[in-house]
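Predicted model, so just to flag it, every value in this text is computed and none were measured.
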Amino acid sequence: MIWLDRLELFSAWDFIALTCFAAGWFWIGWRIENPNPKRPSVSALMADFRREWMKEMVTRSPRIFDSQVISSLRQATAFFASATMLALGAGLALIGNTEQLAGVAQDLALEQTPVFVWEIKIILVLASLTNAFLAFVWSHRLFGYCSVLMAAVPNEASDPRAYPRSRQAAEINITAARSFNRGLRATYFSLAALAWLVGAEALIIATIVTLGVLYRREFISRSRRILMQSEPKTVAPTKL
């Protein structure tokens with residue numbers, strides 16, 4: 001009964017905004033990772049380039065360039081994991097000082113709201129950041145797996161193990177990149193969740209803006225047009 005009473009502190013618009021937030025997050029993730037074959041996303045195009053990269057790696061000697069690239073990818077995931085961890089610490093500190101936050105937020109929203117409401121709004125941000133942190137950590141580990149698989153590819157292209165192992169490395173690389181992109185999307189939506197501190201309408205607007213930014217970058221950006229100028233000629237991956 002206590003929780004039911006507390007739910008009454010939120011308006012219908014709050015629940016509508018949360019529904020839009022969750023539905024938008026799920027939809028854009030699904031749309032990016034499962035695009036129409038005739039209109040691939042940047043992530044889908046880059047997945048094919050990653051397969052092409054691993055195929056070219058077999059005949060590249062020495063493979064210093066490949067090791068440097070995978071190292072930079074791991075550094076990027078480590079940086080974002082550290083950044084989200086710091087943000088999580090800041091959010092947890094806010095939970096302990098919600099009364100001060102409520103005073104600032106009330107100046108923006110021009111209304112009196114119980115501290116419990118502000119705590120729930122902060123928890124939404126923390127939940128998004130936690131999702132991002134876990135995605136970045138897993139991505140970092142997968143890129144580590146990929147580096148080991150790359151090292152296991154024989155130096156001789158004629159070795160029957162060379163291309164099968166390079167395909168394995170490519171698929172692990174793609175999985176790592178997918179997790180990294182999910183972490184980035186979670187970071188975007190954590191920023192959108194901050195708008196809820198102002199009000200439900202602000203959260204809806206922030207969600208729409210976030211969806212617009214993500215959709216543009218994946219489907220109608222200049223970088224996508226450049227990638228489409230020379231698509232890698234790779235076949236669909238087979239299960240290894």
Side-chain angles (χ1 to χ4, degrees), residues 26 28-81 84 131-188 214-215 217-240:
F26 173 81
I28 195 65
W30 178 86
R31 184 72 176 83
I32 290 171
E33 295 179 6
N34 300 275
N36 188 322
K38 296 182 179 179
R39 189 177 177 78
S41 62
V42 169
S43 296
L45 291 170
M46 287 304 300
D48 286 338
F49 277 107
R50 291 174 192 275
R51 295 187 183 100
E52 190 75 12
W53 167 24
M54 290 300 152
K55 185 173 71 174
E56 293 294 330
M57 180 199 66
V58 175
T59 56
R60 188 169 11 246
S61 181
R63 297 171 181 171
I64 296 175
F65 172 78
D66 306 287
S67 65
Q68 289 177 335
V69 173
I70 201 70
S71 177
S72 67
L73 291 174
R74 294 199 76 193
Q75 289 175 1
T77 57
F79 168 78
F80 279 101
T84 51
N131 184 289
F133 173 75
L134 294 175
F136 289 136
V137 169
W138 182 235
S139 176
H140 185 268
R141 189 172 185 179
L142 286 174
F143 277 127
Y145 292 163
C146 180
S147 64
V148 173
L149 282 169
M150 290 168 65
V153 175
N155 290 326
E156 296 297 329
S158 59
D159 192 305
R161 299 170 299 168
Y163 284 101
R165 285 187 177 174
S166 71
R167 286 196 296 270
Q168 286 179 306
E171 295 310 313
I172 291 294
N173 194 301
I174 291 168
T175 305
R178 183 184 302 118
S179 184
F180 181 75
N181 289 333
R182 288 175 178 175
L184 288 178
R185 287 197 296 273
T187 304
Y188 278 111
L214 290 172
Y215 189 89
R217 292 183 177 179
E218 288 286 340
F219 293 100
I220 55 177
S221 62
R222 184 171 181 270
S223 57
R224 180 183 179 278
R225 290 197 297 271
I226 293 173
L227 292 174
M228 291 291 290
Q229 291 173 3
S230 178
E231 296 183 66
K233 297 180 181 179
T234 56
V235 297
T238 56
K239 293 186 178 180
L240 299 170

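Distance check, rounded to the nearest 0.5 Å: OG1 of Thr84 to CG of Leu134 gives 8.5 Å. Atoms OG and CD1, from Ser41 and Ile220 in turn, are 13.0 Å apart once rounded to the nearest 0.5 Å. Note that CD of Glu52 is 12.5 Å distant from CE of Met57, once rounded to the nearest 0.5 Å. Between Thr187 atom OG1 and Phe136 atom CZ the span is 4.0 Å, to the nearest 0.5 Å. Within the model, atoms CD1 of Ile64 and OG of Ser71 stand 13.0 Å from one another, a figure rounded to the nearest 0.5 Å.
Cation-pi geometry between Arg74 and Phe79 is not satisfied (NZ or CZ under 6.0 Å from the ring centre, within 45° of the ring normal).
Although no hydrogens or angles enter the test, the distance criterion places no donor-acceptor pair under 3.5 Å between the side chain of Ser179 and the main chain of Thr175. Proximity of a side-chain donor or acceptor of Arg224 to a complementary backbone N or O of Pro40 within less than 3.5 Å is detected. A donor-acceptor pair under 3.5 Å is formed between the side chain of Ser166 and the backbone N or O of Tyr163. Side-chain N or O atoms of Glu218 include one that pairs as donor or acceptor with a backbone N or O of Val42 at under 3.5 Å. A donor-acceptor pair is defined here as one N or O able to donate and one able to accept, closer than 3.5 Å; such a pair exists between the side chain of Asn34 and the backbone of Trp30.
Close placement of the Phe80 and Phe180 rings is indicated, their centers lying within 6.0 Å of each other.
A salt bridge between Arg50 and Glu171 is absent, with no side-chain N of the basic residue lying under 4.0 Å from a carboxylate O of the acidic one.
The minimum heavy-atom distance linking Ala162 with Ala157 is given by the pair CB-O, 4.1 Å. Here the closest non-hydrogen pair linking Ala176 and Ser139 is O-OG, 2.8 Å.
Donor-acceptor pairing under 3.5 Å is lacking for the side chains of Ser43 and Glu33.
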Intermediate values then yes/no, side chain to side chain contact (heavy atoms under 4.5 Å, CB included), Trp53 and Met46
CA-CA 10 Å; Trp53 167 24; Met46 287 304 300; over 6 Å; no

Do Arg185 and Ile32 pass the side chain to side chain contact (heavy atoms under 4.5 Å, CB included) test, and can you show the C-alpha distance, the side-chain angles, and the key distance before you say yes or no?
CA-CA 11 Å; Arg185 287 197 296 273; Ile32 290 171; 4.0 Å; yes

For side chain to side chain contact (heavy atoms under 4.5 Å, CB included), just list the numbers for Met54 and Ile172, CA-CA rounded to whole Å, side-chain angles, deciding distance to a tenth of an Å, and then say yes or no.
CA-CA 11 Å; Met54 290 300 152; Ile172 291 294; over 6 Å; no

Between Arg63 and Asp66, is the salt bridge (charged side-chain N to carboxylate O under 4.0 Å, His left out) condition met? List the steps.
CA-CA 5 Å; Arg63 297 171 181 171; Asp66 306 287; 5.6 Å; no

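In this structure, Arg225 and Ser221 have side chains that are not in contact, with every pair of non-hydrogen atoms separated by 4.5 Å or more. When side chains are defined from C-beta on, Ile70 counts as touching Asn173, because their heavy atoms get closer than 4.5 Å.
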Would you mind writing out the side-chain donor-acceptor pairs for residues 145-155 within the sub-3.5 Å range, not counting sequence neighbours?
| from | atom 1 | to | atom 2 | distance (Å) |
| --- | --- | --- | --- | --- |
| Tyr145 | OH | Arg141 | NE | 2.7 |
| Tyr145 | OH | Arg141 | NH2 | 3.2 |
| Ser147 | OG | Gly144 | O | 2.6 |

